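As structure tokens, the structure follows; a few thoughts come after it.
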Amino acid sequence: MEYNHQDIEKRWQQYWRDNNIYKVDVDSSRPKFYVLDMFPYPSGAGLHVGHPLGYIASDIYARYKRQNGFNVLHPMGYDAYGLPAEQYAIQTGQHPEITTVSNINNYRSQLDMIGFSFDWSREVRTCDPEYYRWTQWAFIRMFNSYYDLDADKAMPISGLVERFAANGTERVNAAATKPMRFTAAEWNAMSEREQADVLMNYRIAYRGETMVNWCPALGTVLANDEVSEGLSVRGGHPVEQKLMSQWCLRVSAYAPRLLSGLDTLNWSESLKETQRNWIGRSEGAEINFKVAGQDLNLEIFTTRADTIFGVTFMVLAPESKYVPLLTTPEQKPLVDAYLDEVKHKTERERQIEKRVSGVFTGSYAVNPLTGQNIPVWVSDYVLAGYGTGAVMAVPAHDSRDYAFARHFDLPIVPLIEGADVSEQSFDAKEGIMMNSKGPKLDLNGLTVKEAIARTKQFIEAEGIGRVKVNYRLRDAIFSRQRYWGEPFPVYYKDGMACMLPESELPLQLPAVDSYLPTEDGQPPLGRAKDWKTKEGYPIEVCTMPGFAGSSAYYLRYMDPHNSEALVGKEANAYWRNVDLYVGGAEHATGHLIYSRFWNKFLYDLGVVAEPEPFRKLVNQGMIQGRSNYVYRIKGTNTFVSKGLKKDYDTTPIRVDIGMVDNDVLDTEAFRKWRPDFADAEFILENGKYVCGYAVEKMSKSMFNVVNPNDIVERYGADTLRLYEMFLGPVEQSKPWDTNGIDGVNRFLRKLWSLFDNADLASDAPMTPQEAKTVNKLVKKVTQDIENFSYNTSVSAFMIAVNELSSMKSRNRQAMDIITRLIAPFAPHIAEEFWHRLGHDTSVVDAAWPEVDESALVEDTVKYPVSFNGKTRFSIEVPAGSDKAAVEQAALADPNAAKWLDGKQPKKIIVVPNRIVNIVL
RNA sequence: GCAGAAAUGGUGGAAUGGUAGACACGAGGGACUUAAAAUCCCUUGGCCGUUGAGGCUGUGUGGGUUCGAGUCCCACUUUCUGUACCA
């Protein structure tokens with residue numbers, strides 16, 4: 001009988017659906033295992049063959065774990081809010097939900113074809129009100145919490161209010177936007193409005209006046225991870241800095257825990273490193289410089305406290321609050337002009353220019369160690385968002401300060417012996433200090449490291465500064481001036497932000513007549529009718545960003561229909577966290593930081609049991625497209641085959657890969673493709689037109705998209721699954737190349753015919769050869785799955801099937817074991833075999849086979865024999881021979897004399913079961 | 001610039017420090033066929049030689065450790081990914 005994949009796959013998919021095979025429930029009698037894929041944003045283009053790569057890998061693991069007796073949670077859902085649907089809505093006026101739902105349906109039908117073991121009864125969609133009510137709920141909880149640095153966790157803001165009322169800020173150690181000091185009396189004397197403003201300074205979800213990435217083209221602000229090189233990640237539009245009042249999440253308060261938590265995770269080193277860099281811990285000191293002639297301290301942050309004797313000027317960020325305070329009347333026109341210039345530059349322009357610019361404020365600061373007056377400048381090379389937005393400039397030992405000093409002809413004082421600073425600064429943190437002696441502190445002769453420690457100690461003792469750990473991680477900006485997102489459960493009462501009661505959640509996204517901003521520049525929600533509370537207070541018109549809905553979805557899967565809580569205690573206590581998370585590395589600084597933050601916040605609240613959401617994480621590689629090119633001779637309509645193009649002056653043109661088979665162009669199809677190619681002429685080689693190729697991103701515009709549906713239709717889902725795994729290591733990026741798929745398909749057909757020929761009536765034991773082949777396979781596949789090395793597993797299956805066919809094996813036991821082994825990879829064909837073997841339950845629950853080691857025992861062992869490390873011949877000795885016997889056998893071999901060449905071996909090395917090396 | 005990963009045939013890729021190139025594609029040759037498809041068999045890193053003969057060389061470059069290195073160490077080159085005036 002022929003292998004008819006279409007019939008088999010349709011039939012068993014139906015069987016799985018009808019019997020709810022993939023539905024799971026809490027079952028405390030079995031250990032749990034949680035396998036999760038990063039849920040997709042359902043784009044209009046649908047899935048291409050690159051998307052399922054990670055899903056297939058995780059599905060194999062999920063099925064494998066299930067066959068090993070685990071209760072496996074393996075859900076799927078959709079990250080349904082996003083810009084493309086909204087942009088489409090703006091163009092067409094169609095509600096983004098309509099597009100989104102139709103895209104979701106398309107995704108679902110594509111996913112279903114591939115035979116995944118998802119429990120669809122747990123599906124979540126971020127745009128579903130029953131889902132986003134818990135996103136809103138978490139936001140309210142964040143608003144009602146502050147981060148207590150002594151307890152090192154989030155605490156209810158009501159506790160902080162009590163402490164303020166009793167003792168003011170005394171002994172309060174809380175993460176804050178800006179430091180505050182007041183007494184209980186002062187607190188109690190404040191108006192409600194003033195108190196609300198103070199509390200905003202401490203809330204974990206707060207409204208803050210901050211520098212934001214404003215993208216005029218998209219009409220919204222963006223988070224740092226949504227901006228790359230001064231352009232928006234989505235769309236590539238320029239982004240500029242703007243001071244705006246926005247909702248923010250105090251992610252920075254969690255920076256130390258987000259950093260230290262990484263050590264407990266089984267993630268790739270490169271991904272952890274990316275997060276470490278993003279969090280950006282740096283140890284240094286904050287030092288106060290008095291401003292000459294004013295009662296004002298200029299506070300700076302530095303990691304190089306040792307270089308304080310080389311400070312020849314100070315620099316403020318243009319946005320620094322110190323700028324207006326330090327600008328003297330004479331310098332004001334110049335400073336204002338400079339600030340104006342900087343403001344009109346986008347972040348991108350700033351980065352591209354890299355021109356040294358700046359202006360003197362007219363004020364001087366006093367070096368606390370030397371008492372010298374040093375000028376204070378303003379320049380855009382200092383960032384307002386990092387440290388205190390002001391630096392002490394040490395041109396001799398910092399390249400940026402050096403460039404600035406050179407440009408404005410400021411003095412450069414070297415502080416490290418032997419450092420030549422005539423051409424460039426000496427930035428390395430090594431060497432012996434010099435020129436560093438003041439009235440109270442002498443660093444000369446110390447190493448840089450010693451000097452840093454000594455200086456820190458000194459400034460703390462003298463009260464001119466303090467040791468400080470700084471983080472690069474910024475608070476997340478949480479407002480988006482867009483329509484298609486979660487509405488904030490926030491209304492404004494006399495200008496004060498208030499939360500809706502949790503009982504009124506979800507606050508549903510209202511209908512609007514257009515998805516554009518209002519005429520007075522309000523976000524689209526400004527158009528919603530009756531967008532106010534029962535009492536008539538206006539509701540927030542911004543929506544939440546994309547990462548809001550994806551930050552806790554893994555928790556909702558545990559208990560998706562719970563109407564009382566995000567996740568019930570019992571469900572959470574059982575499923576705990578994700579054991580294996582598979583997804584793209586591009587989320588390293590976005591979703592994977594926010595999720596960890598969100599989880600830690602809920603952990604502080606006692607809502608979830610685990611401090612980290614994702615224990616093991618695997619980043620699947622990208623599958624790139626493989627585009628084909630034809631070569632048109634310039635000025636003609638004649639196309640020359642790739643091998644001959646060097647003789648002509650040609651222009652490469654991309655062609656649709658649908659017209660190309662194994663790089664050979666279907667010339668007739670090409671003529672029909674476009675009217676201007678209708679009369680195309682071809683110069684062939686060996687009667688064929690051979691196309692060139694290039695590895696590029698898979699996209700419609702490059703005509704290189706391969707649709708998984710087409711593959712499934714032609715070869716079957718099992719072939720697709722095996723082939724995607726066979727392509728190479730899951731973590732690695734690689735181009736898609738349909739050319740190799742025949743090999744995998746051939747393998748499945750061979751397996752099929754092997755099975756078709758198996759003598760199903762007999763239950764004879766396996767022959768020793770059969771047992772060896774089968775047990776070798778069990779061992780290899782088990783190891784490979786544990787190591788996520790699926791490509792070598794597929795090879796192992798091919799080898800085993802070849803061996804069995806050449807043995808003309810007809811053994812039922814062997815087929816039983818192979819069926820169970822291949823079930824995670826090729827579930828449809830395995831299910832078919834399983835039922836033919838007479839089982840009436842699904843292969844999904846068939847026990848994973850164990851290795852019968854006794855079948856693998858060999859009678860003889862083969863040793864390669866090397867002379868001075870070069871292998872010359874091999875010998876076979878009885879298994880269990882001792883070293884001396886192996887040595888003897890090697891020397892006694894007829895081949896040995898030739899290589900010994902009459903010499904005595906100096907040494908003979910025998911590595912058991914490995915090699916004999918004879919050293920001459 | 002910084003950080004991380006990588007570099008092996010025509011291609012995708014295998015190799016717990018132990019016979020490099022498994023497995024697959026592609027290519028070449030052959031069998032079956034009126035023919036094609038499908039299927040099966042043989043060859044396939046390079047060089048020299050042979051036709052039951054084998055040898056040399058070979059994992060980006062240069063060093064090192066080791067009886068033995070694709071694998072470990074040092075330096076360099078190139079590529080990919082992330083990040084970037086972070087003081």
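Order of the sequence lines fixes the chain letters, A, B, ..., with proteins taken first and strands second; residue numbering starts at 1 for each chain. This one's a predicted model, so the numbers in the text were calculated from it and none came from an experiment.
A/Arg276 has no side-chain polar atom (N or O) that falls below the 4.0 Å cut-off from OP1 or OP2 of B/A3. Note on A/Arg872: a side-chain N or O is less than 4.0 Å away from OP1 or OP2 of B/C56. Residue A/Arg749 has a polar side-chain atom (N or O) positioned under 4.0 Å from OP1 or OP2 of B/U39. The phosphate of B/C25 has OP1 or OP2 within less than 4.0 Å of a side-chain N or O from A/Arg746. One finds a side-chain N or O of A/Tyr386 lying less than 4.0 angstrom from the OP1 or OP2 phosphate oxygen of B/A87. Proximity of A/Ser282 to the phosphate of B/A87: a side-chain N or O atom is located under 4.0 Å from OP1 or OP2. Within the structure, a side-chain polar atom (N or O) of A/Asn802 is placed less than 4.0 Å from OP1 or OP2 of B/A24.
Which of B/G82, B/U83, B/G55 sits closest to the side chain of A/Thr274 comes down to B/G82. Which of B/C23, B/A87, B/C67 sits closest to the side chain of A/Lys907 comes down to B/C67. Considering only side-chain atoms of A/Val911, the nucleotide from B/G18, B/U19, B/A22 that sits closest is B/G18. Distances from the side chain of A/Thr302 to the nucleotides B/C23, B/A87, B/A38 place B/A87 closest. In this structure, the nucleotide among B/G13, B/C67, B/U83 sitting nearest to the side chain of A/Lys734 is B/G13. The side chain of A/Trp278 approaches B/A84 more closely than any other nucleotide in the set B/C67, B/A84, B/U19.
Put simply, CG on A/Leu262 and CD on A/Glu273 are 9.5 Å apart, with the number rounded to the nearest 0.5 Å.
Here B/G12 presents its P atom at 10 Å from CD of A/Gln732, a figure rounded to the nearest Å. Atom CD1 of A/Ile279 and atom P of B/A3 are 18 Å apart (whole Å). Distance CD (A/Glu269) to P (B/G4): 9 Å, rounded to an integer number of Å. B/C23 atom P lies 12 Å from atom NZ of A/Lys780, rounded to whole Å. Atom CG in A/Leu751 sits about 15 Å away from atom P in B/U39, given to the nearest Å. Distance A/Trp752 CH2 to B/U39 P: 17 Å, rounded to the nearest Å. Distance A/Leu316 CG to B/A87 C1': 13 Å, rounded to the nearest Å.
Taking the six-membered ring where the residue is Trp, A/Phe547 and A/Tyr594 present parallel rings, their angle staying beneath 30° rather than reaching 60°.
Residue A/Lys750 is classed as a sugar-phosphate contact, given heavy-atom separations below 4.0 Å to backbone atoms only. A/Ile909 comes within 4.0 angstrom of a nucleotide base, judged by non-hydrogen atoms across all strands. Backbone-only contact: A/Asn791 has heavy atoms under 4.0 Å from sugar-phosphate atoms and none from a base. Heavy atoms of A/Lys870 sit under 4.0 angstrom from primed sugar atoms or phosphate atoms, though from no base atom. Residue contacts for A/Trp267: at a heavy-atom cut-off of 4.0 Å it reaches no nucleic acid atom on any strand shown. Residue-level contact check: A/Pro735 touches neither bases nor backbone, having no heavy atom under 4.0 Å from any strand. Using a 4.0 Å heavy-atom criterion, one finds that A/Ser866 contacts no nucleic acid atom at all. Within 4.0 Å of A/Ser795, counting heavy atoms only, lies at least one base atom of the nucleic acid.
With respect to A/Glu2 and A/Arg749, no salt bridge is recorded, no charged nitrogen being found less than 4.0 Å from a carboxylate O. Using a 4.0 Å cut-off between a side-chain N of Lys or Arg and a carboxylate O of Asp or Glu, A/Arg466 and A/Glu286 qualify as a salt bridge. We find that A/Lys779 and A/Glu853 are joined by a salt bridge, their nearest charged nitrogen and carboxylate oxygen being less than 4.0 Å apart.
Comparing the P positions of B/G46 and B/A22 gives an interatomic distance of 13 Å, to the nearest angstrom. Taking atom P in both B/U11 and B/A27, one finds a spacing of 15 Å when rounded to whole Å. The same atom, P, is picked in B/A24 and in B/A84; the two are 45 Å apart, to the nearest Å. Separating the C1' atom of B/U59 from that of B/U19 is a span of 15 Å, rounded to the nearest Å. Across the C1' atoms, B/U44 and B/G9 are found 10 Å apart, a figure rounded to whole Å. For the C1' atoms, the distance linking B/G58 with B/G45 amounts to 8 Å, nearest Å. Spacing of P atoms, B/A20 relative to B/G60, comes out at 16 Å, to the nearest Å. Between B/G70 and B/U57, the two P atoms lie 13 Å apart (nearest whole Å).
Summary of the strand contacts: A/Asp401 and A/Met798 both lie near RNA chain B, and taking for each the nucleotide with the nearest heavy atom, the more 5' one is attributed to A/Met798.
In this model, a donor atom of one side chain and an acceptor atom of the other lie less than 3.5 Å apart for A/Tyr338 and A/Ser357.
Not counting sequence neighbours, the partners of A/Ser282 by the side-chain contact (heavy atoms from CB on, under 4.5 Å) test are A/Phe301, A/Thr303, A/Tyr386, A/Asn470.
With a glycosidic angle further than 90° from 0, B/G29 counts as anti.
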Exercise for review: Mind running side-chain hydrogen bond (donor to acceptor under 3.5 Å, both in side chains) on A/Asp666 and A/Tyr689 for me, showing each step along the way?
Suggested key: CA-CA 8 Å; A/Asp666 178 343; A/Tyr689 188 96; over 6 Å; no
